[in-house]
Amino acid sequence: MDVNTKMTPLQARQFRADVLAIVAQIPCGYVTTYGTIAAWAGWPSHSRQVGRTLRYAPESRRLPCHRVVNHTGRPAPGWQRQRTLLAAEGITFKPNGNVDMRRHLWQPPVVL
DNA sequence: AAATTGACGGTTA
DNA sequence: GTAACCGCCAATT
């Protein structure tokens with residue numbers, strides 16, 4: 001689709017669905033970033049919308065949304081429990097409290 | 001309609 | 001390593 005035009009409501013609905021589907025694929029012990037998810041969903045400049053989607057994502061989906069951090073490895077602001085959940089999966093942190101992205105960053109499989 | 005906000009990304013100093 | 005910016009865009013005020 002045309003990435004230079006505003007999202008139609010239909011596209012926004014599809015985007016949110018794609019975001020949730022991608023999050024569901026993040027393996028245990030790994031994390032990915034908002035920007036990565038946005039790009040794989042087909043809207044590379046919509047990383048903020050990924051964050052909004054996950055914030056409003058219902059618990060009933062039981063998605064591993066704690067495995068999504070920003071590009072510096074910083075956990076979501078105002079959600080202290082996320083760090084506990086990540087640590088329980090074996091995620092290691094840098095001295096500054098961010099996720100060690102070099103070890104745990106997951107990227108969706110490249111389509112050849 | 002205009003300004004602000006935010007679970008963000010990237011560059012520069 | 002940190003901090004200050006700038007770009008981004010739907011939702012909210």
Side-chain angles (χ1 to χ4, degrees):
Chain A
M1 287 303 291
D2 189 350
V3 298
N4 294 322
T5 59
K6 198 174 101 175
M7 272 187 175
T8 67
L10 180 65
Q11 289 171 324
R13 203 170 72 98
Q14 183 64 56
F15 176 79
R16 287 190 291 269
D18 291 342
V19 166
L20 298 182
I22 292 169
V23 170
Q25 295 176 29
I26 305 174
C28 180
Y30 289 86
V31 299
T32 193
T33 72
Y34 300 97
T36 297
I37 294 172
W40 252 264
W43 297 85
S45 62
H46 286 59
S47 53
R48 304 194 94 123
Q49 276 61 270
V50 173
R52 192 187 341 277
T53 298
L54 294 183
R55 176 168 211 201
Y56 288 93
E59 283 283 336
S60 59
R61 302 297 299 263
R62 293 175 193 175
L63 295 166
C65 51
H66 60 281
R67 296 179 189 145
V68 183
V69 297
N70 74 5
H71 73 120
T72 70
R74 181 184 167 148
W79 190 22
Q80 212 57 24
R81 216 162 106 82
Q82 179 177 20
R83 176 162 182 164
T84 306
L85 293 171
L86 291 174
E89 296 183 351
I91 300 290
T92 61
F93 295 84
K94 298 191 292 184
N96 62 359
N98 290 6
V99 174
D100 186 347
M101 301 300 276
R102 294 194 306 181
R103 271 177 43 96
H104 301 293
L105 177 61
W106 172 80
Q107 300 265 96
V110 179
V111 179
L112 303 178

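Side chains are part of it too, since the values below use all heavy atoms of this structure and drop only hydrogens, waters and symmetry mates.
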- prompt: What residues form a side-chain hydrogen bond (donor to acceptor under 3.5 Å, both in side chains) with A:Thr53, not counting sequence neighbours?
  reply: none
- request: Return the set of residues passing side-chain hydrogen bond (donor to acceptor under 3.5 Å, both in side chains) with A:Arg16 (not counting sequence neighbours), or none when no residue passes.
  value: none
query: With distance as the sole test, does A:Ser47 use its side chain to make a donor-acceptor pair with the main-chain N or O of A:Tyr34 at under 3.5 Å?
result: no
side-chain hydrogen bond (donor to acceptor under 3.5 Å, both in side chains) involving A:Gln25 - partner list, sequence neighbours excluded: none
Pairwise C1' distance, B:dA1 and C:dT13 [rounded to whole Å]: 12 Å
message: Which residues end up grouped with A:Trp79 if you chain together Ile, Leu, Val, Met, Phe, Trp and Tyr wherever their side-chain heavy atoms are less than 4.5 Å apart?
response: A:Leu85
- request: Encode nucleotides 6-13 of chain B as B, S and - characters from 5' to 3', where the letter depends on protein heavy atoms closer than 4.0 Å: B to the base, S only to sugar-phosphate, - to neither.
  value: BBBSB---
- request: May I ask you to decide if A:Thr92's main-chain N or O and A:His104's side chain share a donor-acceptor pair within less than 3.5 Å?
  value: yes
message: Suppose you measure atom P in C:dC5 against the same atom in B:dA7; what distance do you get, rounded to whole Å?
response: 22 Å
query: Under 4.0 Å between a side-chain N or O of A:His46 and OP1 or OP2 of C:dC8?
result: no
Check: A:Gln82 side chain, A:Val68 main-chain N or O, donor-acceptor pair, under 3.5 Å: yes
- prompt: Taking the side chain as C-beta and beyond, is there a heavy-atom pair between A:Arg61 and A:Val23 under 4.5 Å?
  reply: no
field: Protein-nucleotide distance (A:Arg13, atom CZ; C:dA11, atom P), rounded to Å
entry: 14 Å
Protein and nucleotides 1-5 of chain C: nitrogen or oxygen contacts under 3.5 angstrom:
from  : atom 1 : to      : atom 2 : distance (Å)
C:dT2 : OP2    : A:Asn96 : ND2    : 3.4

